[in-house]
Amino acid sequence: MEVHSTKAMAARAVDLCVALLYEEACTETVARVLRDHGETGTPPSGGEGGPAAGGAGMPFHGSMGRASPGGGPATGADDAGGRPAAGGEGGAGGGPPPGEAGGPYLDEGDVAAMREAAARLVEVFAAPGPDAAAAVLNRLLAETGRGPRLTDHGGTTAWHLHVDSHDDAPWAEWFLASSAMALAVLLADHQRVPGGLCASAGCRRPYLDLGGGSPRRYCSTRCATRERVAAHRSRALTRGCQDPLPAPERRP
């Protein structure tokens, strides 16, 4: 899938929700999900955030990164990703922080804000039908979305739509706005909730469902198999309890 396609953005939203809400989320695990979805790259030497642009504390623009909440150093990539330039956040000479080689770069504040955004997005997948899902998405778009605009992040990406406030918006704003837009488009295209929550009681992770036919119930084959096996064992146990006990063996 293209990085900027609606399906790709929706798939990224699901993977981020899982990482943020159902796993041990930290800056590196969230950055790994972002890298898996194409959020990587390196700004040119002396770009915004580097010495030529005033040093650390200046947010990168476009695909070179996003400002941390509170106006700190740039903390990651936009649709094409990025890492701090020399003199920015990281080790001596602008190297990546330990354990975060390759970027994108986030701090704990970014992760906490993205976790809150993920909790709101999961409401879409928990909706019982398209009407309820549309109401959630309309509320999210009204609260976080801005007028759609085209950007190529200074020529570093293909032209694509954004509905956040600006190219270097904080991670959580970008995540919530872009995800809500993608899910809204998919709901309009398919006239159904574009996914759900896993029916396995021990899982309940969100999943994307854009196929035809009957809606999915499980996030993975593993969960579906586990539930089928559990149901089979339960039925077998019930039948065993209902059957009369065999007569004791008579010994000569």
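In this chain, residues are counted from 1 in sequence order.
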In the structure I gave you, are the side-chain heavy atoms of [X] and [Y] within less than 4.5 Å of one another anywhere?
X      : Y      : result
Thr144 : Glu173 : no
Leu16  : Leu34  : yes
Leu183 : Phe125 : yes
Asp107 : Val111 : no
Glu143 : Arg139 : yes
Pro148 : His162 : no
Phe175 : Cys17  : yes
Arg149 : Asp167 : yes

So, taking the atom named [atom1] in [X] and the one named [atom2] in [Y], what distance separates them when rounded to the nearest 0.5 Å?
X      : Y      : atom1 : atom2 : result
Asp209 : Cys219 : CG    : SG    : 12.0 Å
Ser220 : Arg205 : OG    : CZ    : 8.5 Å
Leu210 : Arg216 : CG    : CZ    : 9.5 Å
Trp174 : Asp164 : CH2   : CG    : 9.0 Å
Leu186 : Leu208 : CG    : CG    : 6.5 Å
Cys198 : Arg204 : SG    : CZ    : 7.5 Å

Exercise. In terms of heavy-atom contacts, does CZ of Arg217 have more than 12 from other residues, nucleotides or ligands at under 6.0 Å?
Worked result: no

Exercise. Does a sphere of radius 6.0 Å around CZ in Arg146 hold more than 12 heavy atoms from other residues, nucleotides or ligands, not counting ones at 6.0 Å or beyond?
Worked result: yes

Heavy-atom closest contact ([X] atom, [Y] atom, distance):
X      : Y      : answer
Leu141 : Ala184 : CD1-CB, 4.1 Å
Val30  : Ala25  : CG2-CB, 4.4 Å
His37  : Ala8   : ND1-O, 4.2 Å
Thr157 : Thr151 : OG1-O, 4.3 Å
Arg226 : Cys203 : NH2-CB, 4.4 Å
Leu197 : Tyr22  : CD2-OH, 4.5 Å

Are [X] and [Y] connected, step by step, through hydrophobic side chains (Ile, Leu, Val, Met, Phe, Trp, Tyr) whose heavy atoms are closer than 4.5 Å?
X      : Y      : value
Leu140 : Val14  : yes
Leu176 : Val136 : yes
Trp171 : Leu121 : yes
Tyr218 : Val193 : no

Exercise. Should the pair Arg12-Asp36 be classified as a salt bridge under the 4.0 Å nitrogen-to-oxygen rule?
Worked result: no

For this session: Under the side-chain contact (heavy atoms from CB on, under 4.5 Å) rule, what do Leu21 and Arg115 come out as? Steps first, then yes or no, please.
Result: CA-CA 7 Å; Leu21 299 176; Arg115 187 180 293 112; 3.7 Å; yes

Problem set entry | Chi angles and distances behind the side-chain contact (heavy atoms from CB on, under 4.5 Å) call for Thr29, Glu23 | CA-CA 9 Å; Thr29 57; Glu23 299 175 357; 5.8 Å; no

Exercise. Can you list the steps and then say if Glu108 with Thr27 is a side-chain contact (heavy atoms from CB on, under 4.5 Å)?
Worked result: CA-CA 6 Å; Glu108 292 299 334; Thr27 55; 3.6 Å; yes

Exercise. Do the side chain of Thr156 and the main chain of His153 share a donor and acceptor less than 3.5 angstrom apart?
Worked result: yes

Problem set entry | Leu106/Glu28 under side-chain contact (heavy atoms from CB on, under 4.5 Å): CA gap, chis, key distance, verdict | CA-CA 8 Å; Leu106 307 91; Glu28 176 54 23; over 6 Å; no

